[in-house]
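The chains referred to below are lettered A, B, ... by the order of the sequence lines, with proteins before strands, and numbering in each begins at 1. A quick note: this is a predicted structure, and the numbers were derived from the prediction, not measured.
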Amino acid sequence: MITKGRQVIQHWYKQKNWQQFAFQQEMEAAYLGGYSGLLNAPTGSGKTFALFLPFLVDFINKHPDTYTTQKNNGLLMLWITPLRALTNDIRKAMQEACDEMGLPWHIATRTGDTSAAEKAALKRKLPEVLLTTPESLHLMLAQKEYPKLFNNLQVVVIDEWHELLGTKRGVQVELGLSKLKALSPKSEVFNQVPEKDSGLMTQNLRLKIWGISATIGNLEQAAEVLLGNNFPADQIRMVRANLEKKLDIQSIIPGNVENYSWAGHIGLKLLPQVMEIVAKSKTTLIFTNTRSQSEIWYHAILDNYPEYAGIMAMHHGSLDNELRNWVEQALHAEALKLVVCTSSLDLGVDFRPVDCVIQVGSPKGVARFMQRAGRSGHHPGAVSRAYFVPTHSLELLEGAALKAAIKRGIFESRDPMLLTMDVLIQYMVTLAVSDGFRADELFNEVKGTYAFADLTRNEFGQLLEFITTGGKTLAQYDEFLKVEIENGLYKVNSRRVAMRHRLSIGTITSELSIRVKWLSGGSLGTIEESFVSKLKPGNTFWFAGRSLEFIRVKEMTAFVKKSNSTKGLIPSWNGGRMPLSSQLAAVFRDKLDEVAHGIEKDVEVLALKPLFKLQQELSHLPQSHEFLIESFKSREGHHLLFYPFEGRLVHEGMASLLAFRISKIRNASFSIAMNDYGFELLTDEDVPIEDVLEDAGFFSIDNLIDDIQHSLNANEMARRRFRDIAHIGGLVFTGYPGQQVKNKHLQASTSLLFEVFTEYEPDNLLVRQAYNEALAFQLEEFRLRAALQRIATQTIILKTIERPTPFAFPIMVDSLGREKLTTETMEERIAKMARRYGAEGVGEVDETRKNRKPGITRKKGF
DNA sequence: GACCTGCTGCGGCATG
């Protein structure tokens with residue numbers, strides 16, 4: 001028999017003239033069956049309705065006669081997204097559906113954009129559906145009597161779970177869910193875990209938890225993390241959309257690879273080819289890897305293709321929100337033909353008009369490239385078109401690797417974070433701020449999460465002590481005594497502490513930046529202090545796609561006016577440095593192995609043939625069982641080049657490690673340079689590399705941690721990590737909104753705390769976390785270990801070379817920028833380098849490098 | 001306080 005709910009939905013589908021996909025039906029069955037789990041579906045696949053509609057069917061089935069009149073049902077569905085903008089879009093879609101079906105419901109959002117009045121209204125009258133962010137959920141948990149809000153809660157949805165998984169925001173979500181589970185009726189089932197598929201379903205578990213995730217390498221684990229390790233295994237389902245998305249990927253191949261840049265990261269040489277594609281497409285997104293790169297590209301297009309003025313825009317994270325919103329709307333309205341952007345457009349609203357995506361430079365990962373490619377061709381059945389633009393010759397092989405990886409269905413995993421004590425401390429204080437908590441209860445709830453499954457009672461005790469007394473070290477400072485214990489209830493009584501805590505909920509930390517404003521008012525975005533300090537009044541710089549004259553800085557604001565000059569500096573920002581993912585790196589090595597075996601089925605490989613031929617002549621093309629080391633002498637000293645093809649972070653760690661191990665045999669100091677493919681050790685000493693290689697321990701993983709601690713400034717890395725940890729854990733207060741505490745002070749205070757802890761309480765959990773994070777994320781220890789183990793099985797090919805090879809050249813050029821101060825421009829120096837080594841084959845280096853000033857001394861290994 | 005190519009994301013008071 002067809003239920004009332006199904007009937008209503010079917011009718012609605014018909015009116016909409018929509019078809020229901022198989023996975024949507026599967027999702028509905030799982031939902032109505034009372035399951036929780038993970039929906040694996042890409043954006044633009046109707047995933048929102050795949051979850052929302054079953055929820056409506058369920059409700060209508062339960063209230064078949066009153067669903068059109070019944071109001072004030074309390075909060076039934078909580079929908080969490082990582083992006084504020086998404087909450088608004090989804091709200092609109094849901095509200096429209098409810099209106100059309102005659103449900104008199106209120107769908108609301110609650111984010112940082114919600115006004116105080118609206119927030120108060122939400123408390124008085126709960127909406128049926130609330131869309132919010134992880135941070136706002138925790139702010140709700142910091143309110144008095146918060147459990148009342150969730151009295152009627154039926155389901156929590158975590159949208160874009162893959163984006164949160166692997167971050168501290170993800171851990172925050174886990175903790176939030178653990179509380180919602182504990183509040184839900186029959187929550188005791190969470191402590192009795194039946195066998196999976198035992199056939200005995202734990203009945204009446206009312207709260208359902210569903211995650212929505214794009215495809216990642218560890219979907220099963222993603223579901224485990226989401227639901228926690230105390231979730232009844234018989235109530236978990238995985239629903240996969242399996243929508244065949246047609247993807248058309250092409251690499252843009254430079255006309256003459258031999259003359260294409262051997263090094264560089266900007267890629268402007270291919271501008272004409274790129275613009276040909278743009279001209280042929282309706283709407284194009286050009287993705288660049290850095291904010292300054294998008295400014296550079298935008299500027300170059302305006303210079304060379306002035307006809308794009310007015311139909312082209314830019315989008316990146318340092319531009320003002322107003323500007324970005326305008327761009328997004330204009331994209332929707334088909335008013336733009338081209339947008340140059342960074343990953344700020346990776347996620348978010350669907351831009352239907354977009355029919356072409358161009359990726360400039362390595363996307364560094366398969367999943368990221370897929371995500372971006374998917375921004376084009378959103379119509380059902382449409383083909384997503386994506387182009388890859390290499391910024392230097394060897395990068396072209398990444399194009400072949402990307403295609404192969406996608407064909408093989410390889411995706412990166414998102415590794416969940418474990419035992420992040422800073423996030424737990426923040427959560428504990430959050431609960432203490434509202435209704436307070438009892439230690440044993442909370443310990444059990446928290447143990448149910450994936451992140452804190454291994455938390456010991458002793459560690460938990462240390463955290464309790466920390467928030468009540470400041471712990472061993474800080475006990476004498478009042479400001480760390482936040483939480484009081486009253487009859488076993490941990491509670492914050494001070495209004496000041498409570499207020500300050502609410503102000504600092506969240507796990508995202510960022511540097512203080514300088515706002516760019518017109519003299520006449522109106523803000524453009526933000527730039528960094530270090531860039532502003534280079535400017536003198538009257539200087540011109542390019543930002544937000546405009547030529548600006550710098551007037552002055554006042555109170556963290558740089559005032560500017562319009563400039564007519566077409567030349568000017570382009571700001572750079574200090575963003576994160578992403579290494580090539582290990583999955584993409586592995587396929588890249590496969591491709592290289594094919595090359596070494598003379599397999600030339602890829603257009604990219606075919607185009608690169610002359611380059612590889614030269615590599616073979618000058619040195620060697622390593623097969624997968626070989627590890628290439630090149631050595632040569634120059635006026636600069638002795639160069640050793642290693643090629644693990646394992647991403648720059650691993651190379652940085654391995655370079656320091658090997659330098660340290662060499663120095664144990666022979667006293668020498670090294671300069672280090674690296675890119676995603678390999679690294680260079682440069683020294684004045686004549687290192688007997690053959691002897692060093694004979695030493696079995698050279699690539700060994702024995703004493704790895706110890707050697708790393710000696711070779712790298714591990715303390716410094718941990719100290720920097722500790723800054724964020726101290727912020728999140730609430731050890732420092734970053735100031736009231738609009739009057740941030742100066743960075744210098746914060747640095748000084750976190751640095752001081754780090755030292756105090758290290759000295760008096762070396763086993764402090766937060767300090768330990770800082771070291772662990774440095775090891776895991778800065779050094780990618782796990783990957784480094786795997787790489788060393790791989791190398792240990794490979795045959796080492798040591799080649800003495802006369803001049804830099806195609807493999808070596810990009811690494812050496814990267815190191816140029818770090819060399820001693822000279823008056824030569826980058827262009828002159830590269831030309832000189834090419835001449836010096838008689839590298840006729842060496843193509844020109846990227847245009848934009850010409851203007852870069854040489855600066856700063858070369859980085860010392862240790 | 002280092003970065004030299006270097007991303008993204010959120011949140012926020014005081015008061016009788």
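Remark: C1' of dC7(B) and CG of Leu580(A) are 16 Å apart, rounded to the nearest angstrom. Asn289(A) places its CG atom 11 Å from the P atom of dG6(B), with the value rounded to the nearest Å. Taking atom CZ of Arg721(A) as the reference point, atom C1' of dA2(B) lies 15 Å away to the nearest angstrom. Rounded to an integer number of Å, the gap from CD1 of Ile80(A) to P of dG9(B) is 19 Å. Rounded to an integer number of Å, the gap from Leu345(A) CG to dT8(B) P is 10 Å. The CG atom of Leu319(A) sits 11 Å away from the P atom of dG9(B) (whole-angstrom rounding). Taking atom CD of residue Gln778(A) and atom C1' of nucleotide dG6(B), one finds them 14 Å apart after rounding to whole Å. When the C1' atom of dT8(B) is taken as reference, atom CG of Leu165(A) falls 16 Å away, rounded to whole Å.
Annotation: ring pair (Phe, Tyr, Trp, His ring centres under 6.0 Å) contacts of His162(A) (sequence neighbours excluded): none. Every residue two or more places apart in sequence or in another chain was checked for a side chain to side chain contact (heavy atoms under 4.5 Å, CB included) with Glu555(A), and none qualifies.
Minimum atom distance to the side chain of His316(A) is reached by dT8(B), of the listed dC13(B), dT8(B), dC10(B). Distances were taken from every side-chain heavy atom of Leu83(A) (C-beta onward) to each of dA2(B), dT5(B), dC10(B); the shortest belongs to dC10(B). Of the candidate nucleotides dT8(B), dT15(B), dG12(B), dT15(B) has the atom nearest to the side chain of Arg495(A). Comparing dC7(B), dA2(B), dG11(B) by their closest approach to the side chain of Glu135(A) singles out dG11(B). Side-chain proximity of Thr133(A) to the nucleotides dG9(B), dG11(B), dT8(B) is greatest for dG11(B). In the set dG11(B), dG12(B), dG6(B), the nucleotide with an atom closest to the side chain of Lys119(A) is dG12(B). Which of dG9(B), dG11(B), dT8(B) sits closest to the side chain of Arg169(A) comes down to dG9(B). With dA2(B), dC7(B), dG12(B) as the choices, the nucleotide that has an atom nearest any side-chain atom of Leu503(A) turns out to be dG12(B). The side chain of Arg577(A) has dG6(B) as its nearest neighbour among dT8(B), dG1(B), dG6(B).
Counting non-hydrogen atoms under 4.0 angstrom, Thr111(A) reaches the backbone sugars and phosphates but no base. Nucleic acid contact for Leu139(A): sugar-phosphate only, since backbone atoms but no base atoms lie under 4.0 Å from a heavy atom of the residue. Gly112(A) comes within 4.0 angstrom of the backbone, heavy atoms only, and of no base.
Looking only at atom types and distance, the side chain of Glu398(A) has a donor-acceptor partner in the side chain of Ser362(A) under 3.5 Å away. Residues Ser115(A) and Glu118(A) have side chains that bring a donor and an acceptor to within less than 3.5 angstrom of each other. With no hydrogens or angles considered, a side-chain donor-acceptor pair links Trp573(A) and Ser318(A) at under 3.5 Å.
The P atoms of dA14(B) and dC10(B) are separated by 23 Å, rounded to the nearest whole Å. Atom name P, nucleotides dC13(B) and dG9(B): the rounded distance is 22 Å, in whole Å. Nucleotides dC3(B) and dC7(B) place their C1' atoms 15 Å apart, quoted to the nearest Å. dG16(B) and dG12(B) have their C1' atoms separated by 23 Å, given to the nearest Å. Atom name P, nucleotides dG1(B) and dT5(B): the rounded distance is 23 Å, in whole Å.
Residue Arg719(A) places no side-chain atom within donor-acceptor reach of the base of dG1(B), judged by atom type and a 3.5 Å distance cut-off alone. Side-chain to base pairing of Thr342(A) with dC7(B): no donor and acceptor N or O lie closer than 3.5 Å to each other.
An OP1 or OP2 oxygen of dT8(B) is reached within less than 4.0 angstrom by a side-chain nitrogen or oxygen of Arg291(A). Phosphate contact (OP1/OP2 of dG12(B), side-chain N/O of Ser504(A), threshold under 4.0 Å): absent. For Arg84(A) and dG11(B), the shortest distance from a side-chain N or O to OP1 or OP2 is below 4.0 Å. Listed pair Arg324(A) / dG9(B) meets the phosphate criterion, a side-chain N or O lying under 4.0 Å from OP1 or OP2. Considering only side-chain N and O atoms, Arg502(A) lies nowhere under 4.0 angstrom from the phosphate OP1 or OP2 of dG12(B). Contact check, Thr507(A) against dG9(B): no side-chain N or O comes under 4.0 Å of OP1 or OP2. Note on Ser136(A): a side-chain N or O is less than 4.0 Å away from OP1 or OP2 of dG11(B).
Within the 4.5 Å cutoff, the side chain of Glu163(A) has heavy atoms near those of the Arg414(A) side chain. Between Arg515(A) and Met556(A), every side-chain heavy-atom pair lies at or beyond the 4.5 Å cut-off.
Here the OG1-CD distance, from Thr507(A) to Gln172(A), works out to 5.0 Å after rounding to the nearest 0.5 Å.
Nearer to the 5' terminus of DNA chain B, by closest-nucleotide assignment, is the contact made by Ser292(A) (compared with the other of Met499(A) and Ser292(A)). The 5' end of DNA chain B is approached more closely, in terms of each residue's nearest nucleotide, by Asp346(A) than by the other of Asp346(A) and Arg110(A).
Taking the O4'-C1'-N9-C4 or O4'-C1'-N1-C2 dihedral as appropriate, dC13(B) has a value within 90° of 0 and is therefore syn.
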